[in-house]
Amino acid sequence: SQPFTAYLDSGASDTVLDNGLVSSLRLPAARKVALSVLGREDASFHETFAVEAALALPDGTTSPWVRVEALAGPVFP
């Protein structure tokens, strides 16, 4: 498949791909993980999705591609 631009939100507690992207690509879940957030009593369980990502560099090239497992959810650019 061809590469395309997508927003990957990498925050303090997890890395997230947009729900719409995961749904439209029909990505299969890679695994189920527990997420424990500081200040919350219980862990929550989520599926992760494996993708390959690279950074678009200012000179028009890209960084090396790396495999990333991310949760699906809202992203905030």
Side-chain angles (χ1 to χ4, degrees):
S1 65
Q2 292 289 340
F4 57 89
T5 302
Y7 191 80
L8 182 71
D9 185 356
S10 183
S13 63
D14 51 55
T15 299
V16 178
L17 286 169
D18 184 84
N19 275 329
L21 176 66
V22 171
S23 295
S24 67
L25 293 176
R26 297 186 176 115
L27 294 176
R31 69 181 84 208
K32 187 170 257 191
V33 297
L35 179 63
S36 180
V37 177
L38 186 62
R40 293 188 186 165
E41 188 172 321
D42 296 325
S44 55
F45 295 88
H46 305 270
E47 292 178 325
T48 63
F49 300 88
V51 295
E52 290 185 354
L55 300 174
L57 303 174
D59 65 3
T61 63
T62 59
S63 69
W65 290 83
V66 294
R67 184 176 189 268
V68 175
E69 281 195 30
L71 304 173
V75 296
F76 305 100

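Computed from a predicted model, the values in this text were never measured in an experiment.
- Each of Y7 and F4 belongs to its own hydrophobic cluster when Ile, Leu, Val, Met, Phe, Trp and Tyr are linked at side-chain heavy-atom distances under 4.5 angstrom.
- When hydrophobic clusters are built by joining Ile, Leu, Val, Met, Phe, Trp and Tyr residues whose side-chain heavy atoms come closer than 4.5 Å, directly or via intermediates, V66 is not grouped with L55.
- What you find for F49 and A72 is that their closest heavy atoms are CE1-CB, 3.7 Å.
- Remark: T62 engages A54, W65 in a side-chain contact (heavy atoms from CB on, under 4.5 Å) (not counting sequence neighbours).
- Applying the salt bridge (charged side-chain N to carboxylate O under 4.0 Å, His left out) test to every pair with at least one member in residues 37-47, sequence neighbours left out, gives no pairs at all.
- Heavy atoms only, all atoms of each residue included: V16 and P74 are closest at CG1-O, 3.7 Å.
- Minimum interatomic distance between L8 and A53 (heavy atoms only, all atoms of both residues): CD2-CB, 4.5 Å.
- Annotation: side chain to side chain donor-acceptor pair (under 3.5 Å) contacts of S44 (sequence neighbours excluded): H46.
- The shortest heavy-atom contact between L17 and A70 is CG-CB, 3.9 Å.
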Donor-acceptor pairs under 3.5 angstrom involving side-chain atoms of residues 21-28: please list them, not counting sequence neighbours.
| unit_1 | atom_1 | unit_2 | atom_2 | d |
| --- | --- | --- | --- | --- |
| S23 | OG | N19 | O | 3.1 |
| S24 | OG | G20 | O | 3.1 |
| S24 | OG | L21 | O | 3.2 |

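- When side chains are defined from C-beta on, L71 counts as touching T48, because their heavy atoms get closer than 4.5 Å.
- Here salt bridge (charged side-chain N to carboxylate O under 4.0 Å, His left out) pairs that include residues 50-75, with residues two or more places apart or in two chains, are R31-E69, R67-E69.
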